[in-house]
Amino acid sequence: MAIYDKPFEKAEYAKRVADTKRRMQAAGFDLIIAQDPANMCWLTGFSGWSFYVPQCVLVHVEEEWPIWFGRAQDAKCARVTTDLPDRNIVPFSERLVQHKVEHPYDELVQLIQSRGWDKARIGVEMDAHYYTARCHAHLTKGLPNAKFSNNGDLVNWARLVKSPAELKLMREAGRICTSAMNAAIAKMKPGVPQNHVIADIYHAQTMGMNGFGGDYTAICPLLPVGEGTSTPHLTWSDAPLPDNGLVMLEIAGSRRGYHAPLTRTMYLGKPPAGILDVAKVAVEGVDAGLAMAKPGATAEEVEAAWQAVLRRNGLKKESRVGYSVGLSFPPDWGERTVSLRPGDTTELQAGMCFHIQAGLWLQDWGVAISESFVVTDKGGERLCDVARHLIVID
């Protein structure tokens with residue numbers, strides 16, 4: 001039995017690398033350094049909880065395969081999870097981990113010099129979560145003759161349209177998310193400790209569905225309660241759920257790192273009419289956005305369809321209503337590319353995936369009923385199947 005079951009064929013990675021090289025040439029790069037763990041995984045298959053130390057994947061326009069560069073004790077992980085030739089797996093010395101003066105990227109500099117790329121036009125990921133200021137400082141100091149610039153999340157944009165194999169995983173992630181959300185709703189009762197609900201979510205996320213398991217998600221479950229629902233990113237405590245009040249839950253299902261997020265809002269007790277009305281508007285707005293989400297429409301047109309419903313009902317949302325999703329690692333399941341908001345004129349294509357986060361966070365309370373979807377010729381195909389209204393628990 002293989003140590004690791006690779007999610008894609010070698011040919012799929014070859015297509016991804018070829019597309020990335022075309023984008024590099026169009027942008028004027030000889031070499032890119034990808035430190036975003038999702039980009040590293042998408043380009044090579046590399047997957048391990050090693051992103052807390054410097055690591056990266058190099059793509060050079062004249063090199064057939066990418067080069068993995070990372071901690072020595074993680075080199076076996078690269079050999080197990082990727083199809084890279086052994087010469088393209090380059091570990092740095094263990095003594096450099098959290099060294100006070102030296103840095104792993106000093107050895108990355110040596111690697112680049114040894115390949116004759118020290119005068120290259122190099123694109124780096126200036127917005128990647130784990131590409132630190134220290135990483136950049138050691139690179140630029142060590143390669144004074146290279147031309148460095150931000151690569152504009154080049155690989156993130158290459159990931160935007162999902163292949164059929166990726167869409168299969170996205171749909172499986174949606175089924176996992178459906179199971180986890182329904183498990184949470186079934187657990188919620190007045191007096192039940194919040195962390196007990198979260199425990200059932202983690203169990204369902206990990207167990208997955210018949211025939212396939214689930215993975216850890218890039219964001220932990222978010223569970224604002226009561227007035228906490230007026231802000232989206234609170235987590236949980238061990239306090240009991242209220243006898244009467246709002247509960248908002250945002251989670252995702254993850255299948256081989258591919259994420260389908262979902263938000264639902266519950267009311268324990270008898271909900272006021274005003275909250276029910278806002279929930280109906282949120283769902284109607286999402287439906288309008290999903291109907292618009294066909295190939296050829298723009299991101300801002302999807303947002304405008306949602307906003308039109310809000311305006312008709314005397315509401316507004318100033319933050320973006322959605323963002324692209326797919327392969328992700330902590331701390332975020334967004335791809336950092338397309339946003340569903342005014343001014344984003346990106347044209348939608350079949351196979352793009354989004355989370356339309358229809359959250360309305362008001363002064364003292366909020367409602368969010370979101371959907372993850374795939375762009376299709378018929379509009380947005382929902383990835384999850386959970387009750388689409390304010391869920392009343394009495």
Side-chain angles (χ1 to χ4, degrees), residues 8 11-23 26-27 38-39 42 152-175 177-178 252-253 255-263 282-310 317 319-328 333-358 369-385 388:
F8 303 104
E12 175 136 351
Y13 291 109
K15 289 180 181 178
R16 296 174 183 182
V17 172
D19 180 39
T20 299
K21 288 179 182 179
R22 285 191 293 269
R23 292 169 183 267
N39 290 342
W42 186 81
D153 294 321
L154 185 147
V155 181
N156 301 62
W157 284 93
R159 290 162 40 199
L160 192 54
V161 178
K162 310 298 183 286
S163 70
E166 289 179 297
L167 288 175
K168 179 177 182 293
L169 295 180
M170 290 294 293
R171 292 184 173 102
E172 290 175 351
R175 291 177 62 191
C177 187
T178 297
R255 173 69 175 147
R256 305 307 300 267
Y258 284 79
H259 283 62
L262 190 71
T263 310
V283 173
E284 184 183 348
V286 168
D287 285 343
L290 292 175
M292 179 62 68
K294 299 177 182 179
T298 64
E300 67 177 359
E301 287 174 338
V302 175
E303 193 268 352
W306 148 264
Q307 286 287 4
V309 174
L310 264 60
K317 176 185 171 72
S319 58
R320 65 181 182 174
V321 75
Y323 47 85
S324 62
V325 292
L327 176 63
S328 297
W333 55 49
E335 290 184 318
R336 303 200 315 277
T337 51
V338 182
S339 290
L340 304 179
R341 63 183 174 196
D344 193 326
T345 58
T346 304
E347 187 173 300
L348 303 191
Q349 298 178 50
M352 291 182 178
C353 298
F354 293 91
H355 181 209
I356 184 165
Q357 176 46 289
I369 303 173
S370 73
E371 299 292 339
S372 286
F373 69 88
V374 183
V375 176
T376 75
D377 292 336
K378 297 180 180 179
E381 171 200 331
R382 294 189 297 121
L383 291 171
C384 304
D385 184 17
R388 303 183 65 233

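Heavy-atom basis, side chains included; hydrogens, waters and symmetry copies ignored.
Residue G289 comes nearest to I356 through the heavy atom pair CA-CD1, 4.3 Å, listed as atom of the first residue, atom of the second, then distance. Nearest heavy-atom pair, A299 versus D344, reported as atom, atom and distance to 0.1 Å: CB-O, 3.5 Å. Closest heavy-atom contact between C384 and T178: CA-OG1, 3.3 Å. The nearest pair of heavy atoms linking G351 to V374 is CA-CG1, 4.1 Å. A pairwise comparison of heavy atoms in E12 and S163 identifies OE2-OG, 2.6 Å as the closest pair. The shortest non-hydrogen separation linking L167 to C353 is CD2-SG, 3.8 Å.
R320 contributes atom CZ, which lies 10.0 Å from atom CD of Q357 (distance to the nearest 0.5 angstrom). One finds the CZ atom of R159 at 10.5 Å from the OG1 atom of T20 (value rounded to the nearest 0.5 Å). Once rounded to the nearest 0.5 Å, the distance linking CZ of R382 with CG of L262 reads 9.0 Å. With values rounded to the nearest 0.5 angstrom, D385 atom CG is found 9.0 Å from E371 atom CD.
Contacts of V283 classified as side chain to side chain contact (heavy atoms under 4.5 Å, CB included), with partners at least two apart in sequence or in another chain: D287, I369, R388. With sequence neighbours excluded, the residues that form a salt bridge (charged side-chain N to carboxylate O under 4.0 Å, His left out) with R23 are D19. By the side chain to side chain contact (heavy atoms under 4.5 Å, CB included) test, A27 pairs with F29, L154, sequence neighbours left out. S328 is linked by a side chain to side chain contact (heavy atoms under 4.5 Å, CB included) to A218, H259, W333, counting only residues two or more places apart in sequence or in another chain. Partners of T345 under the side chain to side chain contact (heavy atoms under 4.5 Å, CB included) rule, at least two apart in sequence or in another chain, are E300.
S372 places a side-chain N or O within 3.5 Å of a backbone atom of P261 that can act as its donor or acceptor partner. No donor-acceptor pair under 3.5 Å is formed between the side chain of R256 and the backbone N or O of L169.
Listed by first and then second residue, the salt bridge (Lys or Arg N to Asp or Glu O under 4.0 Å) pairs that reach into residues 161-170 are R16-E166, K162-E335, K168-E172, sequence neighbours excluded.
Under the 4.5 Å side-chain criterion, counting only non-hydrogen atoms from C-beta, K294 is not in contact with D377. Within the 4.5 Å cutoff, the side chain of F354 has heavy atoms near those of the L348 side chain. When side chains are defined from C-beta on, Q307 does not count as touching V321, because their heavy atoms never get closer than 4.5 Å. Looking at E381 and R171, their side chains come closer than 4.5 Å, going by heavy atoms from C-beta outward. V375 places a side-chain heavy atom less than 4.5 Å from the side chain of P295.
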Next on the checklist: For M170 and V325: C-alpha separation, side-chain torsions, deciding distance, then whether side chain to side chain contact (heavy atoms under 4.5 Å, CB included) applies.
Outcome noted: CA-CA 9 Å; M170 290 294 293; V325 292; 4.1 Å; yes
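Residue S324 forms a side-chain hydrogen bond (donor to acceptor under 3.5 Å, both in side chains) with just one option from T346, N156, T337, and that option is T337.
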